[in-house]
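Data first, discussion second: the structure below is written as structure tokens.
Each ligand, and each atom within it, is numbered from 1 in the order the structure gives. The basis for the numbers below is simple: all heavy atoms, side chains too, and nothing from hydrogens, waters or symmetry mates.
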Amino acid sequence: MAKIFCIANQKGGVGKTTTAVNLAAGLVGHQQRVLLIDLDPQGNATMGSGIEKSELSKSVYQVLIGHASVKDALQPCPSAGYDVLPANRDLAGAEIELVELKERELRLKNALSQVVQDYDFILIDCPPALSLLTLNGLCAANGVIVPMQCEYFALEGLSDLVNTIKQVHAKLNPDLIIIGLLRVMFDARMTLQQQVSEQLLAHFGDKVFSSIIPRNVRLAEAPSYGMPGVTFDKTSRGAQAYLEFGAEMIQRVLAMDAIQKKQEEVKP
Ligand code: ATP
Ligand code: MG
């Protein structure tokens with residue numbers, strides 16, 4: 001059964017989509033079956049996977065309002081071999097339409113039950129807001145991956161996200177945990193970035209992934225070719241870092257499974 005992860009941070013432009021598409025491609029590189037869900041009306045993960053967002057007949061929007069199943073709306077990423085549940089501007093309307101529907105936070109979770117057996121990983125690229133769309137992602141997920149730049153203001157936004165995750169954990173999804181903080185667009189020459197990175201480690205310990213994603217121009221160029229950086233230029237430093245992060249995620253999932261098994265064993 002798939003493990004489901006949201007890539008979330010309400011701050012804009014911190015590397016969520018870059019992480020989502022490259023982790024998807026990196027996991028495929030480690031022989032995992034992966035579904036990537038674009039939950040952002042900007043449709044960047046869709047375009048970055050080589051799927052034209054203006055030509056979608058069905059998308060995650062129809063899935064959320066109950067007009068299509070996940071299987072109906074899926075498309076393969078031609079270059080990297082994962083599946084994509086794509087998105088476009090239509091999804092902006094879902095925010096309003098969902099308010100009227102019952103179990104409005106659980107629409108994605110319920111829709112995914114049809115496909116969880118078909119994948120090892122399901123990754124959800126969230127929009128830069130703590131909105132009803134993000135809430136649907138958080139309710140469907142086992143864990144949250146938080147990409148962040150090691151800058152001064154990065155830590156300020158983090159407390160809002162952590163509080164939201166705590167509330168969702170308490171009220172809607174007891175399975176939800178922060179699986180880890182991922183340092184992205186990292187430039188080791190910047191003293192401030194080194195300092196913030198050290199603060200993160202001091203504060204969050206092993207919740208900080210050991211993989212670090214460097215600032216790398218190949219990762220920024222790849223979306224204009226409709227490819228994840230990992231397939232666009234596998235030898236680049238950025239691609240190698242995401243492949244390493246894929247391996248670390250597989251290890252974390254194995255560790256999560258081992259803890260769960262132990263807990264089940266001690267239950268009477
Ligand atoms: P939004 O909040 O708008 O959805 P986002 O958090 O998904 O944004 P991205 O779109 O992944 O962020 O990244 C923002 C910009 O930074 C993009 O132009 C992307 O190509 C670039 N970028 C992301 N990661 C890297 C990196 N490691 N090195 C260089 N450029 C990067
Ligand atoms: Mg994005």
Relative to the heavy atoms of [X], which atoms of ligand 1 are at a distance of less than 4.0 Å?
| X | value |
| --- | --- |
| Val14 | 5 (P), 6 (O), 12 (O) |
| Gly12 | 2 (O) |
| Gly15 | 5 (P), 6 (O), 9 (P), 11 (O), 12 (O), 13 (O) |
| Asp40 | 4 (O) |
| Leu219 | 26 (C), 27 (N) |
| Asn216 | 26 (C), 28 (N), 29 (C) |

Could you give the distance from CG (Asn142) to CZ (Phe121), rounded to the nearest 0.5 Å?
->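 Spacing of CG (Asn142) from CZ (Phe121) equals 10.5 Å.
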Hey, is atom 27 (N) of ligand 1 touched by any protein heavy atom at less than 4.0 Å?
-> yes
Verify atom 14 (C) of ligand 1: protein non-hydrogen atom under 4.0 angstrom away = yes
Students should be able to answer this: which protein heavy-atom is nearest to [atom], and at what distance?
| atom | result |
| --- | --- |
| atom 8 (O) of ligand 1 | Gly13 N, 3.1 Å |
| atom 5 (P) of ligand 1 | Lys16 N, 3.5 Å |
| atom 10 (O) of ligand 1 | Thr17 CB, 4.1 Å |
| atom 30 (N) of ligand 1 | Ala220 CB, 3.7 Å |

Return yes or no for this condition: an N or O of Ile213 is under 3.5 Å from an N or O of ligand 1.
-> no
Do ligand 1 and Gln42 have nitrogen or oxygen atoms that lie under 3.5 Å from each other?
->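 The answer is yes, given that Gln42 and ligand 1 share an N or O pair closer than 3.5 Å.
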Aromatic rings Phe209 and Phe245: how do their planes relate, parallel, tilted or perpendicular, breaks at 30° and 60°?
-> perpendicular
Do any N or O atoms from the side chain of [X] and from the backbone of [Y] form a donor-acceptor pair under 3.5 angstrom?
| X | Y | answer |
| --- | --- | --- |
| Gln42 | Asp40 | no |
| Glu105 | Leu135 | no |
| Gln240 | Lys234 | yes |
| Lys58 | Ala68 | no |
| Gln62 | Ser59 | yes |

Residue among Leu181, Ile178, Ile124, Leu23 satisfying side chain to side chain contact (heavy atoms under 4.5 Å, CB included) with Ile145 =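 For Ile145, the side chain to side chain contact (heavy atoms under 4.5 Å, CB included) test succeeds with only one of Leu181, Ile178, Ile124, Leu23, which is Leu23.
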Check each of Asp187, Asn44, Ile212, Thr18 against atom 19 (C) of ligand 1 and report the one with the nearest heavy atom.
-> Thr18
Look at atom 16 (O) of ligand 1 and find which of Arg215, Met185, Gln10, Arg237 reaches it with the closest heavy atom.
-> Met185
Return the minimal non-hydrogen interatomic distance between Lys53 and Ala87, and the atom names on each side.
->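 It is CB-O, 3.7 Å.
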Apply the test side chain to side chain donor-acceptor pair (under 3.5 Å) to residues Tyr82 and Ser49: give CA-CA distance (whole Å), side-chain angles for both, the deciding distance (0.1 Å), then the verdict.
-> CA-CA 9 Å; Tyr82 55 82; Ser49 300; 2.8 Å; yes
Which is it for Leu200 and Cys150 under the side-chain contact (heavy atoms from CB on, under 4.5 Å) test, yes or no, and what are the steps along the way?
-> CA-CA 9 Å; Leu200 275 182; Cys150 290; 4.2 Å; yes
What part of Pro214, side chain, backbone, both or neither, has a heavy atom within less than 4.0 angstrom of ligand 1?
-> backbone
Do any heavy atoms of Val184 fall under 4.0 Å from ligand 1?
->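 Distance cut 4.0 Å: Val184 fails for ligand 1.
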Check whether any heavy atom of Pro223 sits under 4.0 Å from an atom of ligand 1.
->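 No.
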Indicate yes or no: does Glu248 engage Arg252 in a salt bridge with an N to O separation below 4.0 Å.
-> yes
Answer yes or no as to whether an N/O/S atom of Thr17 is found below 2.8 Å from the Mg ion (ligand 2).
-> yes
